[in-house]
Structures are given as C-alpha cells and as structure tokens.
Amino acid sequence: MLLDTARPLHSRRQLPRLAHQSLPLPQGRTLMPWFKVDDQFWSHPKVVELSADAVALWVRAGSYAAQHLTDGKVTTGALRMLGGAREIADELVLGGLWDQVDNRTWQFRDWFDYQPTAEEVADRRAKRSAAGKKGAESRWHGKSDGNPMANAMADGSQTDAPSPSRTRDFYSPSKSQSRNTRAKLTTDAIEVSDMTRRLAAQKGITSLRAIVDAIARHTAVKVTADQAFQVCTHLLEKAKYWPDAPQRYVLSCIEQSPAEVQKHLYEHIGVAS
C-alpha cells in the first residue's frame, strides 16, 4: 500500500496512548536497537518451506524482541499481541528458526550470533547519554570545542543502525543565511535522506530547513536534518491533540521552550557542543 505523503496521516484527534508509553524510557532512547536480517534470508532453504504467516511472525517478533530487549524471547502474551497463533509458532520451531523454552515462551535460534544483547544495548545507551551530558557541561563552562571523546560518542556514529541511502537533493539555503550570524550556526545547505523527507511529510513537517534554523536561533545548537526531525517527533508526541498545523506548532514550541528543546538534544538525541 502506497502512502500519500503530501499530507499528514493524522487529523485533529486525541492521540492514542499505548500502555508502554507510560513507562519511563531509558536514557539515550534515540539509540535504537535494530533487528538485523540477512539479505539472503528470503531464499534460505528453511525459509522457503515456511508459510507467509510464519515468515511475517518471525520478522514482527524479531522487531518486537529488539525493541523491548528480550534477548530473542517471545512469550504467549507477545505472540497474541503480534497477531500470531500457537500453530504458527510451532511451524517456526519445526522449521528450525525458533526453539520452545516452555509452554509459554519461545526463543529465536542463534539470536546472539546476529543481534546485540540487552546488556550491550543498555551499555551503549548509557555511554551516549553520558557523552551528551559531558558535551553540555563543557559548553556551559565556556569550552568551545567540548570534550572530543564525548563529541565523538554523541554524534551518532556509535549506532549500528543501517543508514538509509542519501540523496544529493539539498535544501536551498535561506536568503538571510549570507547576511546574518545564523550562517555561523547552521550549514548553507542541509542534506536530507529520502526516508527522513517522507517521514517528515507524513507528520506534516513541510520544511526541516526552517526547523534547523529555529533550533539554531533559539537554542544556539547546530543540528542535522535527522536530529531536527527527532525534535519534531518528540514535540508532536507530547501534544495532547494532534495540531492542525504541525510545522507551525513545532516552531512555536521551539520558540517558547528553548531550554526543554536544548535539554532533549543533549540528553536524548546525543548532540554535543
């Protein structure tokens, strides 16, 4: 199914509140664990013998286990939430992709050969959060270059996340870029991946260039288009009702609450000065 990215997917309505949203998220929440799937998975002899339902359950359960750091375990409750059935789980066991631990739990076979452990993910999150805080502390103590090690760890290069293909299509610089000090805070052109552009359009964000400029103007922090999009997502998720004009709403939030935006950049997105 193709999505119409020309308009936001949300109308003015109260956002659904999922049960897990009320739980406190760990520091470094933006360092997402990724469920890694080999590009030859689709043609593996074990897989071609499975039903479409079994393959779909394997992929969805893998994404679930990576997100919730279960170390590859799938319980009956998770199975039910994922729309799976016991007979489909049994098919994965017979096919050699899962092992049955007990009557209520299944385990991805060879999970730790391909996926990071929950402990490893938690350790990377803690390190990235600490790096962001060190960068913020250095900035507020007047050190313009910050802590080199903290900056290196907080700039996003430590994640194992696959990078979407980049496009050579650039946003044009704003007309005022060459005439005022904002040029010192933002780049003359920002590179935006096709994926980020599509996701932003779905949320009603019409100009990441404007978001980047607003963050620079009100917080004096230089961010990339991807980091600006993460700020947009954070602010929109906090809204009680989905705004009619998401772009204008986000710009207003940045202007009215720059300290909160700056804190989120440092502590959760991992931006360092």
Side-chain angles (χ1 to χ4, degrees), residues 5-15 17 21 25 27-30 128-129 132-133 135-144 146 151 154-156 170-193 195-273:
T5 59
R7 60 188 179 87
L9 298 179
H10 305 276
S11 59
R12 184 177 179 83
R13 58 180 175 80
Q14 189 165 7
L15 297 178
R17 300 295 180 186
Q21 289 180 325
L25 291 173
Q27 292 290 338
R29 57 170 288 185
T30 55
R128 188 169 183 180
S129 177
K133 290 178 180 179
E137 181 180 356
S138 176
R139 168 185 171 77
W140 290 115
H141 282 78
K143 299 178 182 179
S144 59
N151 291 343
D155 67 359
F170 292 93
Y171 273 114
S172 301
S174 59
K175 293 181 180 179
S176 59
Q177 281 280 302
S178 60
R179 298 199 301 269
N180 62 30
T181 57
R182 266 189 289 169
K184 298 179 181 178
L185 298 173
T186 59
T187 57
D188 287 340
I190 57 172
E191 187 180 2
V192 186
S193 69
M195 180 182 294
T196 299
R197 194 190 305 275
R198 288 195 299 269
L199 292 173
Q202 290 172 17
K203 290 183 180 293
I205 302 302
T206 57
S207 173
L208 285 171
R209 162 84 278 166
I211 303 299
V212 169
D213 284 345
I215 292 173
R217 183 166 59 252
H218 295 292
T219 71
V221 178
K222 178 180 176 180
V223 298
T224 65
D226 288 340
Q227 291 166 341
F229 174 64
Q230 291 180 60
V231 170
C232 294
T233 300
H234 167 68
L235 295 173
L236 289 170
E237 286 179 348
K238 289 188 62 179
K240 184 176 181 180
Y241 296 94
W242 194 267
D244 287 331
Q247 173 87 15
R248 188 165 63 242
Y249 174 82
V250 169
L251 290 173
S252 176
C253 288
I254 295 171
E255 180 179 1
Q256 295 176 21
S257 304
E260 178 187 342
V261 172
Q262 189 179 69
K263 180 179 179 182
H264 186 74
L265 285 167
Y266 288 145
E267 296 185 1
H268 296 286
I269 297 180
V271 174
S273 58

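Every heavy atom of this structure was used, including side-chain atoms; hydrogens, water molecules and symmetry mates were not. As the structure is a computational prediction, the values presented were derived from the model and not from experiment.
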Nearest heavy-atom contact between Ala228 and Val212 is CB-CG2, 3.7 Å
Please report the C-alpha distance between His218 and Val261 in whole Å, then the side-chain angles of each, then the deciding distance to 0.1 Å, and finally whether the side-chain contact (heavy atoms from CB on, under 4.5 Å) criterion is met.
-> CA-CA 9 Å; His218 295 292; Val261 172; over 6 Å; no
Specify the closest pair of heavy atoms between Tyr266 and Val271, including all atoms of both residues, with the distance to one decimal.
-> CD2-O, 2.9 Å
Anything under 3.5 Å between a donor and an acceptor, one on a side chain of residues 248-260, the other on a protein residue two or more places apart or in another chain? List them.
{"residue": "Ser252", "atom": "OG", "partner": "Gln256", "partner atom": "NE2", "Å": "2.8"}
{"residue": "Glu260", "atom": "OE2", "partner": "Lys238", "partner atom": "NZ", "Å": "2.5"}

To the nearest 0.5 Å, what is the distance between NE2 (His264) and OG1 (Thr219)?
-> 12.5 Å
Nearest 0.5 Å, what's the CG-CG distance between Leu208 and Leu199?
-> 10.0 Å
Roughly how far, to the nearest 0.5 Å, is CD1 of Ile269 from CD of Gln262?
-> 12.0 Å
What residues, two or more places apart in sequence or in another chain, satisfy side-chain contact (heavy atoms from CB on, under 4.5 Å) together with Thr233?
-> Lys203, Phe229, Glu237
Nearest heavy-atom contact between Gln247 and Ile211 is NE2-CD1, 3.8 Å
For Thr196 and Ala225 the tightest heavy-atom approach is CG2-O, 4.4 Å
